Amino acid sequence: MDMNLQGRVAAITGGGGAIGRASAKMLAAEGVAVALLDLSEEAMADAKAEIETDVSGAKVHTHLCDVTDVDSVKAAFDSTVDALGPVDILVNNAGFARDKYMTKMVEEDWDIIHAVVLKGAFNCCRAVLPTMMERNWGRIVNMSSMAKEGNKGQTNYSAAKAGLVGMTNALAREAGPFNITANAIAPGLVATPRLKARPDFDKLEARAKTLTPLPRLADEYDVARIVLFFCSELADFITAQCLNVSGGR
C-alpha cells in the first residue's frame, strides 16, 4: 500500500537505537528521506549502513544531537535541512530510564530523565514547527511508554512519559489549524537487543507474558509500524491520541 509519503523528510531522535532505526527503515521504504539524530556516532553509522543495505535508494543523513541542548538541536536540524530539505515528520524517540525508588533517587536522576524526554521533545518540536506551519503539513510522533500509568521504581520516568502525552495533546490543538498532527505511542516492554542483553531478561520476559494477553513481547517493528501509520495518509484525521502498543496489557 502506498502511504503517500514519497519525498517527505523525517527527523528521528534516538535514531541509532532499535526503535529509531526500525522506524527510519520503514519510513525510508516509503520514499521518505530520513535524518538519524543521536549522541552515538557509532550507533548512527551502524543504523545508516543497515537502512541503506535493506532499502534500495534510501536517503539517510546523520548528525550528532544532544536533545537537551538548544544549540545542538539547532545545528542538527540545520544540517538536516541542508542535506535533505525541510523536515515534514518529527519522531521524538530519544529517551532512557534511570530506575530507583523515590527515597533513593537523587535530584540528578529526576532532572536528566525530564531533560531528555520532555525538554528534548520541546526543543525539537520548536525547531521544526515554524517550517511545518509555513508548508501547512506536518506529522509529530512522540514516544511515550506504558510507564505513563505509573511503575514502582520509575517515578521520574513515569512522570516524564505521562507529561509527554499531555504535551502531545496540547500541541495537537495548537498545530491542528496548520494541518499538523501530533500523536504519541506508548509501548510496553520491547525486546530490543539492549533489553535482551540484560542478565535478567528471561525474568522480565516471563513476568511480562503473564500480564499480556498476546503471548509474546513486542519487538521494535511493532512500534515502528505505528510510527509509520501516524505519519501516513491513513492517519490524516487522527491527532491528540496516545496508542498503547502493549499486546493488550
Side-chain angles (χ1 to χ4, degrees), residues 1-17 19-41 43-67 69-94 120-143 171-172 174-183 224 226-236 239:
M1 173 182 280
D2 183 359
M3 299 291 186
N4 199 26
L5 290 171
Q6 184 74 35
R8 297 293 186 184
V9 174
I12 303 174
T13 67
I19 292 174
R21 74 173 63 187
S23 300
K25 189 184 297 185
M26 296 198 77
L27 288 167
E30 294 295 325
V32 177
V34 294
L36 308 177
L37 311 180
D38 204 292
L39 278 174
S40 169
E41 286 187 339
M44 287 190 295
D46 185 58
K48 175 179 168 67
E50 179 182 324
I51 295 165
E52 290 177 340
T53 297
D54 292 350
V55 181
S56 177
K59 294 180 181 178
V60 185
H61 175 68
T62 63
H63 200 282
L64 285 173
C65 182
D66 176 356
V67 297
D69 182 82
V70 174
D71 291 336
S72 179
V73 168
K74 184 180 186 307
F77 282 92
D78 285 349
S79 171
T80 296
V81 172
D82 288 344
L84 303 176
V87 174
D88 303 295
I89 294 165
L90 171 64
V91 182
N92 283 309
N93 175 63
F122 168 76
N123 287 339
C124 293
C125 286
R126 286 208 307 170
V128 301
L129 278 168
T131 54
M132 285 183 177
M133 289 174 172
E134 288 173 7
R135 292 153 62 86
N136 203 47
W137 198 94
R139 299 291 178 261
I140 295 173
V141 182
N142 293 326
M143 201 61 64
L171 177 59
E174 291 183 13
F178 300 91
N179 195 33
I180 299 166
T181 66
N183 292 289
I226 307 306
V227 172
L228 177 60
F229 167 71
F230 276 142
C231 296
S232 76
E233 66 178 4
L234 297 176
D236 274 353
T239 195

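We're numbering straight along the sequence, starting at 1. Source: prediction; values computed, not measured.
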Side chain to side chain, [X] and [Y], heavy atoms closer than 4.5 Å:
{"X": "N123", "Y": "F77", "value": "no"}
{"X": "I19", "Y": "M143", "value": "yes"}
{"X": "L129", "Y": "L171", "value": "yes"}
{"X": "C231", "Y": "M3", "value": "no"}

*Identify which one of R139, R8, M132 satisfies the side-chain contact (heavy atoms from CB on, under 4.5 Å) criterion when paired with D88.*
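One option only clears the test, and that one is R8.
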_Does V73 form a side-chain contact (heavy atoms from CB on, under 4.5 Å) with C65? I'd like the steps, not just the answer._
CA-CA 6 Å; V73 168; C65 182; 4.1 Å; yes
Under 3.5 Å donor-acceptor, [X] side chain and [Y] backbone:
{"X": "T131", "Y": "V128", "answer": "yes"}
{"X": "T13", "Y": "N93", "answer": "yes"}
{"X": "D38", "Y": "M44", "answer": "no"}
{"X": "N183", "Y": "V141", "answer": "no"}
{"X": "S72", "Y": "D66", "answer": "yes"}
{"X": "K48", "Y": "V60", "answer": "yes"}

Locate the shortest heavy-atom distance separating [X] from [Y]; write the atom from each residue and the value.
{"X": "N92", "Y": "C124", "answer": "OD1-CB, 3.3 Å"}
{"X": "A24", "Y": "L36", "answer": "CB-CD2, 3.6 Å"}
{"X": "L37", "Y": "A76", "answer": "CD2-CB, 4.1 Å"}
{"X": "A182", "Y": "T239", "answer": "N-OG1, 2.9 Å"}
{"X": "V227", "Y": "S23", "answer": "CG2-OG, 3.6 Å"}
{"X": "H61", "Y": "S79", "answer": "NE2-OG, 2.7 Å"}

*Would F230 and I140 count as a side-chain contact (heavy atoms from CB on, under 4.5 Å) if you check the C-alpha gap in whole Å, the side-chain angles of each, and the deciding distance to 0.1 Å?*
CA-CA 8 Å; F230 276 142; I140 295 173; over 6 Å; no
*Can you check side-chain hydrogen bond (donor to acceptor under 3.5 Å, both in side chains) on T80 and H63, steps first, answer last?*
CA-CA 8 Å; T80 296; H63 200 282; over 6 Å; no
_Derivation and outcome, side-chain contact (heavy atoms from CB on, under 4.5 Å), residues E233 and L5_ = CA-CA 8 Å; E233 66 178 4; L5 290 171; over 6 Å; no
_How long is the straight-line distance from CE of M26 back to CD1 of I51, given to the nearest 0.5 Å?_
12.0 Å
_K25 NZ to D54 CG distance, which is reported to the nearest 0.5 Å_ =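 Separation between the atoms: 4.0 Å.
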*asked:* Under a plain distance cut-off of 3.5 Å, with no hydrogens placed, do N179 and N136 share a side-chain donor-acceptor pair?
replied: no
_Run R21 and E50 through side-chain contact (heavy atoms from CB on, under 4.5 Å) and show every step you take._
CA-CA 9 Å; R21 74 173 63 187; E50 179 182 324; 2.9 Å; yes
